[in-house]
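Beneath this line is the structure, given in structure tokens, with notes to follow.
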Amino acid sequence: MLSITFQLSAQVGINIDSSSPNNSAMLDVKSTNKGFLPPRMTQVERNAISNPADGLLVYCTNCGLNSSGSLSIFMNGLWYTLNASCPPPVVPTAGTHVPSVTQIIWNWNTVPGATGYKWNTINDYGTATDMGTTITKTETGLTCNTAYTRYAWAYSACGNSTAATLTQTSAACSFSCGAPMTDTRDGKTYNTVLIGAQCWFAQNLNVGTRINCSGEQTNNSIIEKYCYSDLESNCDVYGGLYQWAEIVQYLNGATNTTSWSPVPTGNVPGICPIGWHLPTDAELTSLTTFLGGESIAGGKMKETGITHWLTPNTGATNSSGFTALPGGYRTGNGGSNYLTYYAYFWSSLQSDATGAWVRDLIYSSGYVDRSSYNKSGGFSGRCVQD
């Protein structure tokens, strides 16, 4: 005969005898010929449960291998199938998203064992769009120069992953050269100037996380910069200093001691914002040619006065609007030299495995010099519009 017993501690026993519930259990079911049957539902019904509590247990009728049934338990924000041979997929990793002015193409990477993916504008698996096996989603109708966050999940018969968080900023709003340009990565604004047919930054690039000049910039998915004498205030005025491999962002395997392979075709974006790129050696030559040639172009490029340039700042008229500033350089052994004396600007063209072409300007002349410098030095960068 079945007996149900209650104790003052609010324990419940459903027993075939009159024994008390086990002290460790709030509910103690004892039987020699019947089992405990949890709620039975499909995977869709299970996933539709609102705010499931950790430890919630159900029997999912189609969550096992080959859509067979299996117990499911909710833990740490994820449904787990109680079958060691059938774990739910891991969370997808974000791919490289492609932004434009009113559109973002979202991308994520495939997950081993996943049979499909879902995507949503909010962190809600239940209302997410089923993408099938597609790992890309084109979202239109967006606002320019705006940061967006989206979510993607992997799923299989064994359950679904937690959400992958995808973030991207749409491209800058319609731009006219001569207007300020805002870098959506960090909110910094740069003046721009049209020189001939080229639209240039009119300020030295200052993007990235500062590291000490004594260290080497590395290929670690973080843009790194030097500031002259390790002072952020110098970056605020003169911009950052970058090794060549860092400023081209290690494109095609480029390093400071080895050549890239293959040699890239087209523009090299490097660490410039979307829609801009590092100048080629030919583009820098076109700039100085338009300004009258190397012997006088430097004066037309240099900021006037001696606020930032060492006196006498010979020939400086800044008639081009380029507003070159003398940021000096970070030496190969980790020192800082020639602030207010020289401005050095990288091109995207390497001269050999350890060198790349640079344009430099000096306080005592209106000349622009084209020279090859060691890639490990830290020089300034300017961006030119695509």
Side-chain angles (χ1 to χ4, degrees), residues 177-178 190-206 228 237-244 247-248 267-268 270 272 276-332 336-352 354-385:
C177 192
Y190 298 88
N191 295 325
T192 65
V193 61
L194 185 66
I195 306 175
Q198 300 170 327
C199 186
W200 288 88
F201 272 20
Q203 293 170 260
N204 293 351
L205 189 60
N206 182 24
Y228 194 95
V237 175
Y238 298 97
L241 301 173
Y242 306 91
Q243 294 180 319
W244 184 82
I247 206 167
V248 302
N267 296 331
V268 175
C272 290
W276 300 77
H277 63 273
L278 295 173
T280 64
D281 186 64
E283 284 174 321
L284 285 165
T285 296
S286 294
L287 172 66
T288 55
T289 298
F290 179 81
L291 296 178
E294 292 181 343
S295 63
I296 61 173
K300 296 180 179 181
M301 295 168 65
K302 290 193 294 180
E303 181 193 68
T304 58
I306 55 174
T307 300
H308 300 113
W309 283 95
L310 188 68
T311 187
N313 196 13
T314 301
T317 65
N318 198 29
S319 60
S320 68
F322 190 85
T323 318
L325 291 181
Y329 72 101
R330 179 263 188 189
T331 65
S336 297
N337 275 344
Y338 291 130
L339 186 72
T340 74
Y341 285 74
Y342 283 93
Y344 300 90
F345 299 105
W346 284 120
S347 79
S348 61
L349 180 65
Q350 61 179 23
S351 54
D352 54 38
T354 60
W357 292 105
V358 171
R359 297 302 188 280
D360 62 82
L361 295 75
I362 188 171
Y363 75 99
S364 58
S365 171
Y367 195 85
V368 175
D369 185 51
R370 175 182 182 266
S371 300
S372 173
Y373 283 88
N374 193 288
K375 294 176 180 178
S376 64
F379 296 147
S380 301
R382 288 290 179 105
C383 299
V384 62
Q385 193 174 24

Which atom names give the shortest non-hydrogen contact between [X] and [Y], and what distance separates them?
{"X": "C199", "Y": "W276", "result": "O-CZ3, 3.4 Å"}
{"X": "L361", "Y": "V368", "result": "CG-CG2, 4.3 Å"}
{"X": "G321", "Y": "A202", "result": "O-CB, 3.6 Å"}
{"X": "A324", "Y": "R382", "result": "CA-NH2, 3.6 Å"}
{"X": "L194", "Y": "C177", "result": "N-SG, 3.5 Å"}
{"X": "L291", "Y": "A297", "result": "CB-CB, 3.8 Å"}

Partner set under salt bridge (Lys or Arg N to Asp or Glu O under 4.0 Å) for D360, not counting sequence neighbours: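 Listed in chain order: nothing, the list is empty.
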By salt bridge (Lys or Arg N to Asp or Glu O under 4.0 Å) - contacts of R359 (at least two apart):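 Checked R359 against salt bridge (Lys or Arg N to Asp or Glu O under 4.0 Å); matches are D281.
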Validation row, ring centre Y342 to ring centre Y329 under 6.0 Å: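 Distance test on ring centres: not under 6.0 Å, no.
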Side chain to side chain donor-acceptor pair (under 3.5 Å) against [X], all qualifying residues, sequence neighbours excluded:
{"X": "S372", "value": "S351"}
{"X": "T192", "value": "none"}
{"X": "N337", "value": "none"}
{"X": "Q350", "value": "S259, K375"}

Residue pair N318 / K302, side-chain heavy-atom distance below 4.5 Å: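 No, their side chains stay 4.5 Å or more apart.
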Just jot down the side chain to side chain contact (heavy atoms under 4.5 Å, CB included) partners of [X], sequence neighbours excluded, or say none.
{"X": "I296", "answer": "K300"}
{"X": "Q243", "answer": "E216, Q217, Y226, N256, R330, S376"}
{"X": "E283", "answer": "Q198, H277, P279, T280, V384"}

From OG (S347) to CG (L284), nearest 0.5 Å: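 It comes to 6.0 Å.
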ring-ring contact (aromatic ring centres under 6.0 Å, His included) partners of Y190, counting only residues at least two apart: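 With neighbours one apart ignored, the set is F201.
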Of all pairs that satisfy ring-ring contact (aromatic ring centres under 6.0 Å, His included), the ones with a partner from residues 290-324, not counting sequence neighbours: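 Applying ring-ring contact (aromatic ring centres under 6.0 Å, His included) to every pair that reaches into residues 290-324, excluding sequence neighbours, yields W200-F322, Y238-H308, F322-F345.
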Among Y373, Y242, Y228, the one residue meeting ring pair (Phe, Tyr, Trp, His ring centres under 6.0 Å) with F379: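 Considering Y373, Y242, Y228, a ring pair (Phe, Tyr, Trp, His ring centres under 6.0 Å) with F379 is found only for Y373.
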